[in-house]
Amino acid sequence: MQRARRHQASNQTRPSYLMREDASSFVPKDRILPVLRDAVQHCRGCDLYRNATQAVFGELETGAESTKPSVAIMMIGEQPGDQEDKQGRPFVGPAGKLLDRCLQEANIDRSKVYVTNTVKHFRWEPRGKLRIHKKPSMKEIHACRPWLDAELETVRPKLIVCLGAVAAQSLLGSKFKITQSHGKVQRAEGVPPIIATLHPSAILRARTDEDRERDIKIFLEDLRQATEFLKK
């Protein structure tokens, strides 16, 4: 009886998002990308699948099937956008085009970069005929973490580059601030070294051309820091 009461009290002190089920039961044991990519379409670890066209798993640039690629950089964004949700591939919309351009300018081989997102389904809200991006909740981020862990185990990157606050805080904690620590190598238990930077979509949303150019310079410098780390 006392043990049951202690267990109940412990649950009451945990954040609500940690008490929910997650995607663990939907993630196959085989750490092979085609297997994982197929399985994620059947994930019901949170409710986001209800309004999404499909799950969007990570991939290399070409979308070619590779069972266990060994890549230099794994880039993690927040979630699929409207175009990604429709096409079933990550970073194929305007933010992806900006990412490709900046990777080329920073002399990073795109074919050695695995891109994915913290959350695999598009969370959105209607605005007229448009589907407007809505930030995923902590519950949804937590629920989707087993998929990200499976990708990390399979891809085995030398370096993680987090694009935006959601991805960075999911690995480094809610107190992490990109404005203060972008471009610096961070360490977290159980994962490769991390560099956090701006999300390309945030750059595109800059209020003025001057702000956008400033953010692109920051983004490029952070990418160059990633290349310098990989040279060591």
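Identified under the side chain to side chain donor-acceptor pair (under 3.5 Å) test for residues 167-182, with sequence neighbours left out: His182-Asp222. Residue pairs satisfying the ring-ring contact (aromatic ring centres under 6.0 Å, His included) criterion with at least one member in residues 188-210, sequence neighbours excluded, are listed as follows: Phe91-His199. Here side chain to side chain donor-acceptor pair (under 3.5 Å) pairs that include residues 115-130, with residues two or more places apart or in two chains, are Thr116-Lys120, Thr116-Glu151, Lys120-Glu151.
In this structure, the side chains of Ile203 and Phe219 come closer than 4.5 Å at one or more pairs of heavy atoms. Using a 4.5 Å cut-off on side-chain heavy atoms (C-beta onward), Thr197 and Cys162 make no contact. Looking at Lys158 and Pro192, their side chains never come closer than 4.5 Å, going by heavy atoms from C-beta outward. In this structure the side chain of Val40 never reaches within 4.5 angstrom of the side chain of Phe26, judged on heavy atoms.
The minimum heavy-atom distance linking Gly183 with Ile195 is given by the pair CA-CG2, 3.8 Å. Heavy atoms only, all atoms of each residue included: Ala167 and Gly77 are closest at CB-O, 3.5 Å. In terms of heavy atoms, Val27 sits closest to Pro146 at CG2-CB, 3.9 Å. Shortest non-hydrogen contact noted between Ala39 and Pro28 is CB-CD, 3.5 Å. Nearest approach of Leu36 to Trp147, heavy atoms of both residues: O-CZ3, 3.7 Å. Shortest non-hydrogen contact noted between Ala206 and Asp215 is CB-OD2, 4.2 Å.
In this structure a side-chain-to-backbone donor-acceptor pair under 3.5 Å is missing from Asp85 to Ala52. For the pair Asp30 (side chain) and Ile32 (backbone), a donor-acceptor distance under 3.5 Å is absent. Judged purely by atom type and a 3.5 angstrom limit, Gln225 has no side-chain atom pairing as donor or acceptor with the backbone of Leu220.
Between Leu60 atom CG and Met74 atom CE the span is 10.5 Å, to the nearest 0.5 Å. Going from atom CG of Asp47 over to atom NZ of Lys139 covers 9.5 Å, rounded to the nearest 0.5 Å. Atoms CG and CD1, from Asp22 and Ile141 in turn, are 13.5 Å apart once rounded to the nearest 0.5 Å. Summarising the geometry, atom CD1 belonging to Ile160 is positioned 4.5 Å from atom CD1 belonging to Ile76; distances are rounded to the nearest 0.5 Å. Atom CD of Glu59 is separated from atom OH of Tyr114 by 8.0 Å, given to the nearest 0.5 angstrom. Between the CG atom of Leu230 and the CD1 atom of Ile108 there is a distance of 8.0 Å, given to the nearest 0.5 Å.
Under the side chain to side chain donor-acceptor pair (under 3.5 Å) criterion, Glu84 pairs with no residue at all, not counting sequence neighbours. With sequence neighbours left out, Thr227 forms a side chain to side chain donor-acceptor pair (under 3.5 Å) with no residue at all. With sequence neighbours left out, Asp209 forms a side chain to side chain donor-acceptor pair (under 3.5 Å) with Arg212. Annotation: salt bridge (Lys or Arg N to Asp or Glu O under 4.0 Å) contacts of Glu228 (sequence neighbours excluded): Lys231. A search for side-chain contact (heavy atoms from CB on, under 4.5 Å) contacts involving Pro193 returns Leu159, Val185, Arg187, Phe229, not counting sequence neighbours. Annotation: side-chain contact (heavy atoms from CB on, under 4.5 Å) contacts of Glu213 (sequence neighbours excluded): Ile216. Under the rule for a side-chain contact (heavy atoms from CB on, under 4.5 Å), the partners of Lys86 that lie at least two apart in sequence or sit in another chain are Asp82, Gln83, Arg131. Remark: Asp211 engages Arg214 in a salt bridge (Lys or Arg N to Asp or Glu O under 4.0 Å) (not counting sequence neighbours). Remark: Gln104 pairs with no residue by the side-chain contact (heavy atoms from CB on, under 4.5 Å) rule, at least two apart or across chains.
If you chain together hydrophobic residues whose side chains sit under 4.5 Å apart, Ile178 and Ile73 fall into the same group. Residue Val56 is not grouped with residue Val92 when hydrophobic side chains (ILVMFWY) are merged at heavy-atom distances under 4.5 angstrom, including chains of intermediate members. Cluster annotation: Leu148 is connected to Phe176 through the hydrophobic network of ILVMFWY side chains, with a link wherever side-chain heavy atoms come within less than 4.5 Å. Leu163 and Val115 fall within the same hydrophobic cluster, where Ile, Leu, Val, Met, Phe, Trp and Tyr residues are linked whenever their side-chain heavy atoms come under 4.5 Å apart, directly or through other members.
In this structure, Arg44 is positioned above the aromatic face of Tyr49, its NZ or CZ under 6.0 Å from the six-membered ring centre and within 45° of the axis.
Leu171 pairs with exactly one of Gln186, Glu189, Arg145 by the side chain to side chain contact (heavy atoms under 4.5 Å, CB included) rule, that one being Arg145.
A salt bridge links Arg110 to Asp100: one of the charged nitrogens lies within less than 4.0 Å of a carboxylate oxygen.
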| query | Lys135 and Glu140: side-chain contact (heavy atoms from CB on, under 4.5 Å), yes or no, with the steps? | reply | CA-CA 10 Å; Lys135 181 179 177 180; Glu140 292 151 353; over 6 Å; no
| query | Stepwise, does the side-chain contact (heavy atoms from CB on, under 4.5 Å) test hold for Leu33 with Phe57? | reply | CA-CA 9 Å; Leu33 286 180; Phe57 207 63; 4.0 Å; yes
